[in-house]
Amino acid sequence: MNIKEEIDKLTEDLKIYQDKYYKEGISLISDSEYDRLTDRLIALETEHPEFQHPDSPIKRVGSDLTNDFPEVRHTIPVLSLDKAYSDEAVLSFFSKSIEKKGGALTFAAEEKIDGISMVLYYEKGILQRAVTRGNGEIGNDVTPNIMTMQSVPLSLPEPLDIAVRGEVYLSKADFEHLNAEETDESKKAANPRNLAAGTVRRQKSSEAARVPLTIFCYEGFWGNKAETPPDHIHILAKLKALGFRTNPHFAFFASSKAEAERKLRETGLEGEAYAFDSIDSFIKKKTAERKNLPYEIDGLVFKINELDVREEFGYTEHHPRWAIAYKFEAPQAEARLLDITVQVGRTGRITPVAEITPTKLGGSTIRRATLHNQEYINELELAIGDTVSISKRGDVIPAVESVIDKNSDGNTTYEMPSLCPCCHSEIVQIGGLQYCPDYDCPDQVKGRIAYFASADEMDIESLGPKTVGDLYKAGILRSIEDIYTADYHKAAGLPGFGEKSISMIEKGVKESLSRPFSTVLSALGIAEIGKKSAELLVKNGFDSIDSILKAADENNVTAFSSIPGFGLVTGTRIVEAFRSEHVRKTIEGLRKAGIHLSSSMDEKDDENLEKIFSGQVWCITGSFENFNPRSKALKEIEKRGGRTVSSVTGKTTHLLMGSGGGSKAAEAERLGVKIVNEDEFMSLLGKANEAVSSDDNGQLSLF
Ligand code: IVH
């Protein structure tokens, strides 16, 4: 047997084994024998690509070469569907169509799979290209990834020129399973559609091969019109006969059930037959079945069955006039994508932001929504002018969820700029995300200062992002450490910088000097050091900046990685961060300013606090806005000389009452214990702070 013959034989055998295994679950040979034959064929094909079959079973295995996904023009119109949100709207589509035709019609009803729209192009029965929908005219060629799908035939039993539309999807169970395996939280997909979309665009087809994507095919377009079957149900039957996977959950509507049944049986298709007047019960039934299906559907598609009528009715700019999609849920909010702008965050991370038509959602009007990154845009195939659905994820950040309608302006998928929109540095890619590499990029600097000053960090009142931006522009504030040396009076005269607001800034800056060390640590904005990890560092012996700097200088990754919950990645990042010149410069600036760079400074500060609660016995009840957990309030009392107890007794002098406190309040009232609410308590602490820092021994009015 020469090489060509051996390749031919292996190709034929492996195809049979794959088919039997994936279609019928039968193994004709052992796994090891299968692997051996596969390896042999890979080796032969690599050495003699000229003998490789276009439908080689090796394509299923995928490769480690990097895919790019060239844009290609569709040779069929790839339209989306007009939508309906009620049974009446579907019934009206039926009756209007019949009226327009002036005669009998039949309709197919299919599940609307929530997946990725795909067109498979075959020439002479061989799969040539698999192309995403794109903007309906131009899509991305993702053939190597689609070829790994067992349900996509690489060759057909007849040498047909045919384009087949279908929906690529991932079952709910496979989604759950794969997502559970993903350890990186940020890489977990929100739903099966997202994971399928990501897989279709994986750069290595060997990786796509590991995700069990599948397809339901629902439309066929014959190159030779004469070969086209007479109607939709015959097209489906033919697609099935050619080896395409079609959805058995299929229904057929005619003027009577008997008529529908008769036509359907002609094709040999499985499916249910209905009369038009059963539409509402059909929709009800499918709505109920939906949650039990092994895959996600977001609606039902109703299509005119007769192809000549389809041709007669034609298309609008976006939709065929012969089909309609019934959607189970109306989108939360619909908007038009006016533009995409690009934002630079404090870490240099560059985020695309959708600028949308003002849209009401959850009680507010939204004009902007996040698009996460370029990958997300690619997965949505999002182009300016598209109509999109917006939702508030976790009720906070509005996000673009999906494309409802493609633009008709011919715009193709948006591409982020290659330069930072702020400082024009070349954008770099790190793990699918885009970053501006310039630490001095003005947007990054402003972001870092504003983060440091924000309410959750150093809580410098009146130094919000807008003020930081103005001060940066005026050259007054150019780094975190500048906060403590800047001459804010230089801003006098700028809009919004009256004497009063300047002194507010100064007051806020001064107050921030006494924030505890762990707050300073997290306010630095170092990746991996948030509130929790800063506290963990302190608790695990890193109770001064110098101990951290020392370990970093010694490259002692283990000192950090061994802290429970940290690990190697965090340890390495912390070492890197504290070795960086930028961070060192900030720390030295803060040291000069007298900020707390060790826990002992926190304690010393506590000692200096005026003991305004000395001799008092406080009890606490309810929950608080500023003290969460509420043990924080207890600490404040104790730091100022007060004693704390857990129940109200005759010895208790004060009850600090948050919201929801009940029985203790009644007891306090009965015993004549002074009840203090959160606002009053805050002002006590505030006055106490001032008293210490300004030597002002004003009387505390509550006592
Ligand atoms: S028919 C011109 N049938 O829903 C024919 N579409 O907005 C149009 N879809 O882009 C498509 N299941 O990605 C059709 N059984 C089905 C479908 C289906 C899902 C998707 C498809 C299309 C979108 C319609």
Side-chain angles (χ1 to χ4, degrees), residues 74-85 90 93 97 107-120 130-137 139-140 142 146 163-170 191-194 196-197 200 213-221 231-233 235-236 239-240 244-253 269 271 286 290 293 295-307 309-311 313-331 334 379-383 386-389 401-408:
H74 284 289
T75 53
I76 56 163
V78 189
L79 302 174
S80 60
L81 297 169
D82 206 1
K83 278 136 206 110
Y85 297 100
V90 177
F93 164 71
S97 302
F107 296 85
E110 295 164 6
E111 290 170 334
K112 186 172 182 303
I113 310 291
D114 195 7
I116 314 303
S117 204
M118 196 64 58
V119 188
L120 309 172
V131 184
T132 64
R133 180 170 72 178
N135 67 355
E137 288 168 31
N140 285 106
V142 291
I146 298 303
V164 174
R165 268 194 82 172
E167 203 77 357
V168 171
Y169 70 92
L170 188 62
N191 51 48
R193 172 167 48 89
N194 285 152
V200 161
L213 294 177
T214 185
I215 191 169
F216 275 140
C217 295
Y218 47 72
E219 295 285 326
F221 303 82
D231 57 14
H232 185 67
I233 44 177
I235 287 181
L236 289 182
L239 289 179
K240 201 172 158 200
F244 292 99
R245 191 162 179 265
T246 56
N247 188 346
H249 294 168
F250 172 80
F252 192 57
F253 283 79
L269 277 183
K286 292 304 295 185
R290 179 186 180 197
L293 288 173
Y295 43 81
E296 294 209 331
I297 64 173
D298 57 349
L300 302 166
V301 184
F302 295 91
K303 306 170 175 178
I304 294 180
N305 181 43
E306 291 75 17
L307 297 194
V309 181
R310 288 190 180 189
E311 202 149 313
F313 283 17
Y315 304 89
T316 69
E317 216 166 14
H318 297 285
H319 316 122
R321 289 203 179 84
W322 43 262
I324 197 164
Y326 167 84
K327 299 270 282 183
F328 292 123
E329 282 132 18
E334 228 175 276
E379 286 170 10
L380 292 175
E381 304 202 305
L382 185 66
D386 289 355
T387 304
V388 293
S389 118
E401 283 303 326
S402 62
V403 175
I404 298 177
D405 260 328
K406 293 304 295 177
N407 68 90
S408 46

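The figures here come from the full heavy-atom set of this structure, side chains too, leaving out hydrogens, waters and symmetry mates. Because the structure is a prediction, the values reported are computed rather than measured. Ligands are counted one by one from 1 in listed order, and the atoms in each one are counted from 1 as well.
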Evaluate the side-chain contact (heavy atoms from CB on, under 4.5 Å) criterion for residues T316 and D82: first the C-alpha distance (whole Å), next the side-chain angles of each, then the deciding distance (0.1 Å), finally the verdict. CA-CA 10 Å; T316 69; D82 206 1; over 6 Å; no

Applying side chain to side chain contact (heavy atoms under 4.5 Å, CB included) to S389 and not counting sequence neighbours gives P331, E401, S402, I404

Across all chains, not counting sequence neighbours, the ring pair (Phe, Tyr, Trp, His ring centres under 6.0 Å) partners of F216 are Y169, Y295

What residues form a ring pair (Phe, Tyr, Trp, His ring centres under 6.0 Å) with F253, not counting sequence neighbours?
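Ring pair (Phe, Tyr, Trp, His ring centres under 6.0 Å) check on F253 returns F94, Y274, F282.
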
List below, pair by pair, the N or O atoms of ligand 1 and of the protein that are less than 3.5 Å apart, including the distance to 0.1 Å; reply 'none' if no pair qualifies.
residue	atom	partner	partner atom	Å
ligand 1	3 (N)	K303	NZ	3.1
ligand 1	4 (O)	K112	NZ	3.2
ligand 1	7 (O)	L81	N	3.1
ligand 1	10 (O)	R133	NH1	2.8
ligand 1	10 (O)	R165	NH2	3.1
ligand 1	12 (N)	I113	N	3.1
ligand 1	13 (O)	S117	OG	3.0
ligand 1	13 (O)	E167	OE1	2.6
ligand 1	13 (O)	E167	OE2	3.3
ligand 1	13 (O)	Y218	OH	3.4
ligand 1	15 (N)	E110	OE1	2.8
ligand 1	15 (N)	E111	O	3.2

*Answer yes when K327 and E334 have at least one side-chain N-carboxylate O distance shorter than 4.0 Å, and no when they do not.*
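No, no charged N to carboxylate O under 4.0 Å.
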
Taking NZ, NE, NH1 and NH2 as the nitrogens, is one of them in R193 or E296 under 4.0 Å from a carboxylate oxygen of the other?
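No, no charged N to carboxylate O under 4.0 Å.
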
